[in-house]
Every structure is written in structure tokens, then in C-alpha cells.
Amino acid sequence: MKEIPKAYDPKAVEDGIYQNWEESGYFNPDNLKLPKNADYFSISMPPPNVTGVLHLGHALENAIMDTAIRFQRLLGKRAVIIPGTDHAAVATQARVEKNLIKEGIKDPRQQLGREKLLEKIREYSENSKATILKQIKKMGTSCDWSRLAYTFDEPRSNAVNKVFIKMYNDGLIYRGYRVVNWSVKGQSTCSDDELVYVERQAKLYTFKYSKDFPFAIATTRPETKLGDTAVAVNPKDKKYKKFIGQTFSVDLGHGQQEIKVVAEDSVDPKFGTGALGVTPAHSMIDFEIAQKNNLPVIKVIGEDGKMTKEAGKDYVGLTVEAAREKFVAWLKDNDLFIGEEDIKQNVGTSDRFGDVIEVIPMTQWWVNVNKEIPGRGKTLKDLMREAVTTGHDGDENQIIKITPNHFLNLYLQWIDNLRDWCISRQIWWGHRIPVWYKNKGKDNEEVFAGLEAPRGNWEQDPDTLDTWFSSGLWTFSTLGWPENIDDKGNKTGDLKKFHPTTWMQMGYELLFFWMARMILMTTYILNEIPFKSVYIHGILRDKDGKKFSKSLGNGIDPIEISKQYGTDALRLSLISGMSAGNDARFYEEKVEGARNFVNKLWNISRYILSSVSEITLIDEKPKAQTIADEWILAKLDNVIAEATTDLKSFNFSSAADTLREFTRSDFADWYLEISKLQAQSSKLKENTDRILLYVLGKLLILWHPFIPFVTEEIWTNFGCKELLLVQKWSEVVDLDIEQKEENDKNIFYPFWKFEEVVMTIRNLRADFKVDPAKKVAVSIVGKNLAKIKFDEQKDSIIFLARLDKLEVEKTKPKNSVSHVLEGVGEICLHLEGLVDLKKEKERIESEIKSVEGYIKSLEQKLKNKDFAKKAPKEVVEKEEFKLKEQKEKMEKLEEQLKSLR
RNA sequence: GGGCAAUUAGCUCAGCUGGUUAGAGCGUACGAUUCACAUUCGUAAGGUCACUGGUUCAAUUCCAGUAUUGCCCACCA
């Protein structure tokens with residue numbers, strides 16, 4: 001007998017187990033004892049931002065990744081997760097600045113200066129990084145810490161610079177004066193994807209540029225009209241057609257302004273007046289119209305969010321709101337104002353700083369997605385499309401498989417709308433743009449892109465790169481690019497082993513931010529896809545379906561949950577109910593359920609390990625001596641097959657369900673109970689022990705990917721040299737159809753009927769309020785009981801249903817209540833004292849009613865000639881069998897009813 | 001405006017390529033303190049599978065439409 005605690009205590013063992021795993025070195029696939037030709041399975045961990053602590057979303061990702069990688073490791077692959085963290089440029093700087101402002105430093109950038117502020121951010125991010133890495137370990141994630149990376153460390157920075165320079169030399173990165181999304185609060189640009197659209201009320205003003213201007217325009221931003229250089233109308237719009245091409249000179253109170261009427265298909269003739277005032281400097285669309293028509297760009301709003309000199313002396317220095325008011329007043333004074341109406345409007349806000357974005361023309365760095373890549377005959381956009389459609393360069397083996405597939409459309413649609421990517425940011429925390437300038441005069445500037453400044457008086461660009469620029473390189477920058485490319489351009493080392501990575505998981509919110517950029521960068525730089533397959537999951541929501549957020553205060557700290565319920569319970573509750581592409585709800589009751597299950601597994605093991613004569617690992621399938629033995633062994637094979645299929649196709653939740661059902665219901669509730677009876681027999685005891693140990697061993701391996709700690713802890717009892725972590729997953733050879741049918745007939749059907757008999761008796765006992773502890777007698781009236789191997793299972797029925805007598809009889813005994821069980825017969829429970837005839841009659845009558853209905857529907861189906869003709873033979877036979885069964889049941893029920901009269 | 005998804009028991013969700021008088025967990029009701037486990041065990045109640053059509057011998061499952069919800073994109077200047 002072995003002493004095992006009554007309840008599983010995760011706190012006492014988790015840290016030690018993780019340490020053992022780490023020390024074993026097996027997280028690094030190079031240390032796995034595998035045949036030389038073993039396959040690789042690699043995952044790049046989406047690097048968490050170093051902006052704080054691990055949140056529930058991270059916990060979910062870790063659970064998913066680690067379940068996948070542990071399964072692959074058990075399958076005998078060289079499995080690796082490359083871990084890392086992300087410096088998260090804007091997000092981190094914004095967070096630190098916010099903290100500093102709270103501490104009383106009103107304007108951190110001004111007051112501290114670049115170096116000091118960077119120091120603060122570095123300090124914060126290092127702290128946060130250490131915390132997060134520790135927390136990832138707490139989640140049990142088996143990543144290869146020897147390959148840990150950080151987007152902002154030396155090798156990754158080096159990769160960033162190299163990629164930038166290559167793109168620059170290929171003409172794919174350019175510096176240009178274009179309109180950008182500008183956050184006044186953050187004093188930085190942001191990309192189109194970093195905008196969050198918010199609906200708000202706005203006023204749509206209608207006015208004329210001047211009294212003799214032939215028509216009016218409508219706008220929600222009158223103050224920007226000071227910078228208008230054109231009016232766009234739809235060329236199909238008859239009202240305005242004749243004006244196209246004409247130029248009018250108007251005076252909006254700050255000097256003469258040329259307004260040209262241009263044609264533009266996208267203008268909606270029905271909106272407003274059907275004429276669009278074109279403000280090239282402060283609208284993306286207008287800027288594009290201006291470029292097409294060669295119109296001048298007048299910047300009337302500056303980086304400080306205030307009106308510029310070009311807006312005129314009456315407006316310079318005013319906020320946009322003040323300028324709007326003033327300009328509308330001016331229009332009214334000058335009789336140009338026509339009217340205003342309330343409308344709903346979507347405005348873009350900065351996802352990090354939260355303020356409304358101004359569109360402003362500036363000189364920034366851009367990635368040109370529509371330019372042909374030298375020597376490749378296609379654009380970056382083409383590459384991004386190919387990777388998910390025809391395959392990279394038309395190679396079918398290089399198609400990224402997206403699960404679920406419907407995200408493909410979303411991705412393609414996004415690419416269609418993709419504009420050049422603005423990659424320069426005016427914040428300080430990030431990879432500084434590797435470009436130097438000489439003679440920093442406006443007109444005569446020499447530009448150099450390289451790792452270091454050339455000799456002489458050169459000055460580096462002050463801007464930094466969009467954080468997604470470095471994230472885009474993640475799958476290969478973490479694998480030693482560019483060092484791991486040899487002279488001939490071939491991959492070597494880790495890059496050769498692990499790239500393209502095998503599998504990637506991410507939340508759908510990262511589809512554009514990250515996935516698209518990884519595809520862009522990787523296909524361009526390495527000429528291959530970043531990952532072969534990507535699994536998209538949803539986000540976690542609270543019990544009411546709301547997103548977890550700080551402002552709602554509904555946040556759940558995964559570390560707290562882990563402390564309270566154990567990491568295994570956390571992981572299992574995260575995985576179950578999660579399906580590809582869909583959001584899942586998360587709440588504490590779910591964790592509780594998972595915790596209970598983990599404890600159940602613990603107790604199953606506790607029972608087995610303390611009741612067997614000798615604890616040894618049984619690897620070979622034991623022989624079966626009883627129906628129950630046959631059944632549990634066959635059932636286990638089925639479960640292994642199912643779980644394997646599910647895990648191979650990344651249906652984690654479904655695999656866990658299958659295992660849970662088997663463990664709880666089949667193994668614990670049925671086999672374990674029967675084994676107690678079998679253990680009483682000296683003939684069966686030894687073999688039953690072997691079966692228990694065998695099933696338990698397999699079960700631990702099956703469960704290990706999901707709940708690694710508890711399984712590993714139980715495993716130690718077997719006294720094996722090797723950790724459970726690196727055991728062998730047993731794949732089951734598929735049975736052929738004949739064998740399957742044999743199994744069904746000889747093993748599953750008899751056992752299933754056995755279960756039904758036991759449940760029927762229990763049901764009758766409960767129904768007639770028989771004392772649960774009392775032993776009772778049962779008679780079975782039935783023929784062909786050999787078919788369900790009754791004799792062999794008789795003792796088990798007696799044991800599980802708490803009987804003192806079980807007989808087969810010809811007729812229903814007096815003083816008994818019964819239930820008709822298809823395929824068996826009447827199960828009659830003897831009662832003490834008289835049977836309540838009225839109640840019994842009612843029971844039978846209601847049963848007859850339901851069977852009648854069933855028979856009717858079956859008969860109807862079978863009478864239908866088309867059904868007999870067109871339905872497959874098996875289906876017809878099945879229905880006929882059902883009908884026969886039900887009719888037999890009916891006969892018995894009617895007999896019973898008769899006997900009651 | 002364009003697109004995508006979802007709609008099954010009080011709640012959270014399964015139900016794969018059409019044939020089960022629809023399944024689980026939680027919750028609820030009743031019962032049990034038997035030596036693996038009260039983080040337990042047994043039993044039960046509870047659903048016209050959102051709606052309307054169509055295809056089919058057969059539709060929760062396929063198709064179309066409607067409604068509701070959620071999401072993405074474009075954007076109204």
C-alpha cells in the first residue's frame with residue numbers, strides 16, 4: 001500500500017515538476033533521444049508585449065500551444081516552441097509615460113529627454129519581461145528557453161536593420177510626403193490598422209465657397225476647408241458635369257484660393273450636396289484625389305493639433321474646434337452658410353493614446369506594397385496573396401492553411417484595401433530607422449541607409465520603426481537569420497531545421513497586424529512562407545459575453561486562478577469549450593469543474609496504485625478474462641484513436657471531451673467498480689491489476705498534453721527512469737470493418753446491455769424508494785440472454801445493483817415492478833409488501849403511449865415505398881429492427897397491463 | 001454600404017461528410033455519508049434544434065430568404 005494524499009495539491013508539486021522538466025533538457029528538441037530521421041514540429045510563440053503581466057488571453061495561447069507541442073513530443077517529433085517577448089514600441093512607451101504622468105512628471109518627453117526616458121522604459125520593460133517569462137513557466141509551457149528571443153535584443157535588431165536596408169535598396173521602402181494618421185496626444189503617426197473607429201454625433205454643414213461659386217458643398221470639418229484645392233463630383237452626376245475641369249478663385253477670408261472641379265467616381269451624388277470639397281492635406285481620400293489630379297496640398301492643421309499659418313492669420317494657433325466655430329460664424333456673416341444637420345459619423349481614434357486621429361501630411365517612411373520587387377515580377381501584395389491562395393510562387397506545398405478557413409476571405413479583403421504601410425513612428429522606444437542624413441538643409445540632403453553612419457557629419461533619423469516591422473520577422477529572426485544563411489543562400493542551423501515553422505496559433509485580432517506582416521516579410525526575405533498552418537482562435541469573454549477589460553473591472557488574473565485551482569485546472573478550463581475561430585466564455589465555475597476533474601483523475605490513480613499488489617508499468621496490452629476486461633481494453637483503443645485524430649487536427653476541446661467521458665464514466669464509474677468485484681476472485685485479481693495499471697498508464701499519457709502537472713506527478717509512482725514528458729504516445733492501428741463489427745457485437749453490445757440492466761434496476765429502486773443500502777432480488781424475464789452474455793455478467797449485475805438474488809424466470813413474479821428493456825426482456829424488481837397497483841398501471845400506460853408513438857412513426861417511414869426503394873439497405877434494416885424491438889416491447893407491456901387487471 | 005460568423009435544455013456549449021423519437025457539463029429536484037474521491041456517488045425533470053420556404057424517401061444537419069446577435073472592412077465628405 002502506498003500513501004498518497006487524499007486530494008491533489010497543485011501548489012505543493014507544480015514548481016518542482018517544472019524544474020525537473022527544465023533540467024531534463026527535453027524542452028530543447030536537440031536533446032530528445034529520437035531516431036535521426038524524426039520529424040520536426042516547430043511553433044513560434046507569439047511574443048507577449050512587455051507592457052505588464054500575463055493576462056487570460058496569454059494563458060489561453062499558452063494552453064493551446066503547449067497542448068499541441070506536448071502531443072507532438074509524445075508522438076516522437078522534434079518538438080519545439082521558440083519563446084520570446086515583444087518590446088511593443090508605442091504600447092510600452094505609452095504605458096510608461098502614463099505612469100510617469102501619474103507620478104507627477106507632466107511631460108515626460110520634454111522633462112526627461114530621449115536618453116533618460118528610454119532608460120525608464122527599459123527598466124520597466126525588463127521588469128515586465130522577467131515577470132511575464134516567469135508566468136509563462138507557471139503556465140507549464142514547455143518552451144525551449146535556450147532559444148529565448150526578444151524583438152529588441154541584438155540579433156533581432158540586427159535582423160530589423162538588415163531587412164530595412166534590403167527593402168530600401170530594392171526601392172520598396174521610400175520616404176515621402178504623404179498624409180498620415182497623427183495622434184496629437186501621442187505625437188506620433190499610426191498605421192491604418194491601429195485606428196479604432198468610434199461612432200459619434202457630428203454636424204454636417206452645407207455652404208458655398210463664394211457667392212458666385214456655382215454650387216454648395218457639405219462637410220463635417222468646415223475648418224479644413226481653408227485648405228481646399230478642389231471640389232470632386234461624380235462624373236455621372238448631370239448637375240455638375242459641365243463644371244468639371246473649371247477652376248474658380250475664391251476667398252474664404254484668408255486670401256485667394258484656387259478651387260478646381262474634378263471628376264471622381266467614388267463621390268456619392270446622394271450624400272450632402274453631391275459635391276465633395278477636396279482637402280488634400282487632411283483626408284486620406286482627398287489626398288489620393290489630389291495626387292491623381294495634381295492638386296496642391298495646403299496644410300492648415302499642424303502636428304500640435306492647432307491651425308497653421310496657412311490657415312490665415314485669423315485662425316493660426318486656434319484649436320480645430322475653435323477654428324470651426326469661427327469659420328462657421330464667418331460663413332454666416334458672409335451669407336455663404338446654407339445649413340447644418342445632425343449626422344452620425346465614424347471617427348478614427350488611436351488605439352494606444354485614445355485621442356481622435358488627425359490626418360496630416362508629413363514626411364514619413366513607407367513600405368510600398370504595390371511596387372514590383374526587383375527581379376521577381378510581383379509586388380509585396382502579390383506575395384501576401386499567393387501565400388494563402390496559389391501557394392508561394394505558385395508552389396502548392398507552400399500554401400498556408402488557415403483554420404477556420406473563412407478567415408481567408410477576411411484576409412484577402414484586407415489586402416485589397418491595403419495602402420502603403422507607414423512604418424516610421426515619432427516615439428523613442430523602438431528600432432531606430434537605420435538611415436542617416438548629411439547637410440541637413442531642406443533642399444540639399446544626402447540620404448544613406450546602412451548599419452552604421454558613413455564617415456563625416458551624418459545624423460541618424462530620429463524616428464523609430466512600427467513595432468510590427470520587427471514582429472513581421474519573428475519566425476525567422478528567432479531562428480538565427482541572417483547568420484543562418486550560407487554563402488550560397490541556403491538555410492543552415494535552426495533556420496533549416498525549423499523554418500517554415502510547422503504551426504502557428506493566434507487570435508483573430510492579429511490577422512492583419514501580425515499574420516499579414518509575417519507573410520509579407522517572410523516571403524520577401526526568405527522566399528518561403530513563415531508557417532505551414534495557422535490556427536485562429538477567438539478571445540475569451542466573461543460569463544455575460546463581455547470582453548475582459550480593465551475599464552470594466554471584470555479582469556481575471558490567470559496566475560491567481562492557477563494558485564487557487566492549479567495550473568492544470570486552469571489549462572483544462574481554457575481549452576474546453578474553445579473552438580477554432582470562436583470566442584469562448586470563461587468563468588470560475590468552469591475552472592472549478594476542471595479542478596474537480598483533475599482531482600478525480602488523482603483519486604482514480606490513488607485507488608489503483610494503492611489497491612494493486614505490485615505497481616509496475618504495463619506497456620503491453622494485457623489479456624482479457626471477462627467481458628468487462630474486453631470492453632475496457634477495446635474502448636480504450638477507440639478513445640486513443642479518437643483523441644489522436646482530434647489532436648492531429650487541433651480539435652483540442654473535442655479530444656479533451658472524449659478523454660473526460662472515458663475517464664469519468666467508462667473507466668471510473670464502470671470498470672473500476674467492476675474491478676473491485678474481480679479483485680475478490682483469486683483467478684482474476686492479478687490480471688485485473690494489470691489491466692488497471694495498463695489503462696492508467698495510457699490515460700496519463702493521453703491526458704498529459706492537457707494537464708501536464710498532475711499526470712507527471714502521478715507518473716512518478718511508477719518508478720520510471722524517464723519523465724512522462726517524453727513517453728511514447730500509443731497510436732492505435734485502425735481495425736478493419738469486419739473486426740469493428742465483431743467488436744460491436746461481442747463486446748460493446750453485451751456490455752452496453754449490461755449497463756442498461758444495472759441502470760434500469762437503479763432506476764426502479766429510486767422510483768420505488770427502495771433503501772439504497774438494502775439488497776433486493778431481481779428477476780429477468782427474457783429469451784436469448786446468451787446474446788448479451790448474461791451468465792458471464794450476472795455477478796457484476798448483482799454487485800453493482802446491490803442485489804441479493806438475480807434469477808431468470810418465465811413470467812413476471814408477483815409483487816414486483818418491472819421495466820421492459822429492448823433486447824433483454826422484463827427487468828422485475830421484487831418489492832416487499834404490496835405493489836401500488838395504481839401507480840404501476842400509470843407507469844405502464846405512459847410507457848405504452850410513448851412506445852405507440854414511436855411504432856407509429858417507424859411504421860410510417862417503412863410503409864413509404866420511396867423509403868424502401870431509395871434509402872440504403874442498412875438504414876432500412878436498422879429501422880426494421882427498431883420496429884421489431886418496439887413491437888416486442890409493446891407486447892410485453894400489454895401483457896403486464898392485462899395482468900394488473 | 002459590402003462581407004463573415006452565430007442562433008440547439010434555465011446557463012455554457014457538443015452534434016464531422018443528412019437516417020440518434022437530439023447529447024454533455026453547470027444549475028435544479030429527489031436520494032445516499034459503502035473503506036479512491038462530498039473537489040463524491042445514484043436517479044430524475046427540462047428542448048416543436050430562431051423563423052419561412054426549397055432540395056430529398058428522409059433536414060438540427062444541405063440551399064435560399066427573413067429576423068436577432070456578434071465581428072470585420074469601407075466610409076458619408
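Proteins come first, then strands; the chains are lettered A, B, ... in the order of their sequence lines, and each starts at number 1. Values in this document were obtained by computation on a predicted structure and should not be read as measured data.
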Please state whether the base of [N] and the side chain of [X] form at least one donor-acceptor pair under 3.5 Å?
| X | N | result |
| --- | --- | --- |
| A:Asn864 | B:C57 | no |
| A:Lys600 | B:C37 | yes |
| A:Gln860 | B:A58 | no |
| A:Lys676 | B:A36 | yes |

[X] side-chain proximity, nearest of [options]:
| X | options | value |
| --- | --- | --- |
| A:Leu204 | B:U20, B:A77, B:G2 | B:A77 |
| A:Met759 | B:C37, B:U43, B:C76 | B:U43 |
| A:Lys6 | B:U20, B:U43, B:C37 | B:C37 |
| A:Arg802 | B:U34, B:C73, B:C76 | B:U34 |
| A:Tyr854 | B:A74, B:C76, B:U21 | B:U21 |
| A:Arg664 | B:U21, B:C37, B:U40 | B:U40 |
| A:Ser850 | B:U20, B:C75, B:U21 | B:U21 |
| A:Gln345 | B:A36, B:U43, B:A77 | B:A77 |
| A:Phe512 | B:C73, B:U39, B:A77 | B:C73 |
| A:Arg762 | B:U43, B:A77, B:U40 | B:U43 |

(Q) I'd like to know if A:Lys203 and A:Asp342 make a salt bridge, using a cut-off of under 4.0 Å between side-chain N and carboxylate O. (A) yes

Q.
On RNA chain B, compare the nucleotides closest to A:Asp268 and A:Ser857; which residue's is nearer the 5' end?
A. A:Ser857

Q) Starting at the 5' end of RNA chain B and moving along, which residue's nearest nucleotide shows up first, A:Asn763 or A:Asp771? A)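 That would be A:Asp771.
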
Q | ring pair (Phe, Tyr, Trp, His ring centres under 6.0 Å) partner of A:Phe597, chosen from A:Trp703, A:Phe706, A:Trp602, A:Tyr565 | A |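 Single ring pair (Phe, Tyr, Trp, His ring centres under 6.0 Å) partner of A:Phe597 among A:Trp703, A:Phe706, A:Trp602, A:Tyr565: A:Trp703.
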
Atom pair distance, as rounded to whole Å: [atom1] in [X] and [atom2] in [N]:
| X | N | atom1 | atom2 | answer |
| --- | --- | --- | --- | --- |
| A:Arg541 | B:C13 | CZ | P | 10 Å |
| A:Leu692 | B:A36 | CG | C1' | 12 Å |
| A:Asp657 | B:C16 | CG | C1' | 14 Å |
| A:Trp414 | B:C75 | CH2 | P | 14 Å |
| A:Ile217 | B:C76 | CD1 | P | 13 Å |
| A:Lys878 | B:G18 | NZ | P | 14 Å |
| A:Ile608 | B:C37 | CD1 | P | 14 Å |
| A:Asn603 | B:U39 | CG | P | 11 Å |

Heavy atoms under 4.0 Å, any strand shown: does [X] hit a base, just sugar-phosphate, or nothing?
| X | value |
| --- | --- |
| A:Pro404 | nothing |
| A:Lys865 | nothing |
| A:Glu589 | nothing |
| A:Ala668 | base |
| A:Glu509 | nothing |
| A:Leu511 | nothing |
| A:Asp669 | sugar-phosphate |
| A:Ile343 | sugar-phosphate |

Q) For A:Phe867 and B:C57, do the ring centres fall under 5.5 Å apart while the planes stay under 30° apart? A) no

Q: Check whether any side-chain N or O of A:Lys869 sits under 4.0 Å from OP1 or OP2 of B:A58, and answer yes or no.
A: no

Q.
Check the phosphate of B:C13 against A:Ser579, side-chain N and O only, distance under 4.0 Å to OP1 or OP2. Yes or no?
A.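 No, outside the criterion.
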
Whether the side chain of [X] engages the backbone of [Y] through a donor-acceptor N/O pair (distance < 3.5 Å, no angle test) should be reported.
| X | Y | answer |
| --- | --- | --- |
| A:Thr279 | A:Ala281 | no |
| A:Arg765 | A:Pro772 | yes |
| A:Asn234 | A:Val267 | yes |

**Q.** Separation of the P atoms in B:A50 and B:G15, to the nearest angstrom
**A.** 15 Å

Q) Of all heavy-atom pairs between A:Met890 and A:Ile855, which one has the smallest distance, and what is that distance? A) CB-CD1, 4.0 Å

Q.
Is a donor from one side chain sitting under 3.5 angstrom from an acceptor on the other, for A:Ser675 and A:Gln678?
A. no

Q) Would you call the rings of A:Phe667 and A:Phe662 parallel, tilted or perpendicular if under 30° counts as parallel and over 60° as perpendicular? A) parallel

(Q) Ring-plane angle category for A:Phe327 and A:Phe207, please: parallel below 30°, perpendicular beyond 60°, tilted otherwise. (A) perpendicular

Q | Whether over 12 other heavy atoms sit under 6.0 Å from A:Lys856 NZ | A |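 Count not over threshold, so no.
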
(Q) Quick check on A:Lys676: does its NZ atom have over 12 non-hydrogen neighbours (other residues, nucleotides or ligands) under 6.0 Å away? (A)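 Enclosed: over 12 neighbouring heavy atoms sit under 6.0 Å from NZ of A:Lys676.
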
Q.
Among A:Lys884, A:Lys882, A:Lys887, which residue satisfies the salt bridge (Lys or Arg N to Asp or Glu O under 4.0 Å) criterion with A:Glu859?
A. A:Lys887

Q: Would you give a per-nucleotide map of nucleotides 4-12 of chain B, 5' to 3', where B means the base has a protein non-hydrogen atom under 4.0 Å away, S means only the sugar-phosphate does, and - means neither?
A: SS------S

Q) Using a 3.5 Å cut-off on both pairing distances, which stems of three or more Watson-Crick or G-U pairs include RNA chain B? A)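 The stems are B:1-7 with B:67-73, B:10-13 with B:23-26, B:28-32 with B:40-44, B:50-54 with B:62-66.
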
Q) Between A:Tyr508 and A:Asp583, does a side-chain hydrogen bond (donor to acceptor under 3.5 Å, both in side chains) hold up when you go through it step by step? A) CA-CA 10 Å; A:Tyr508 53 67; A:Asp583 292 351; 2.8 Å; yes

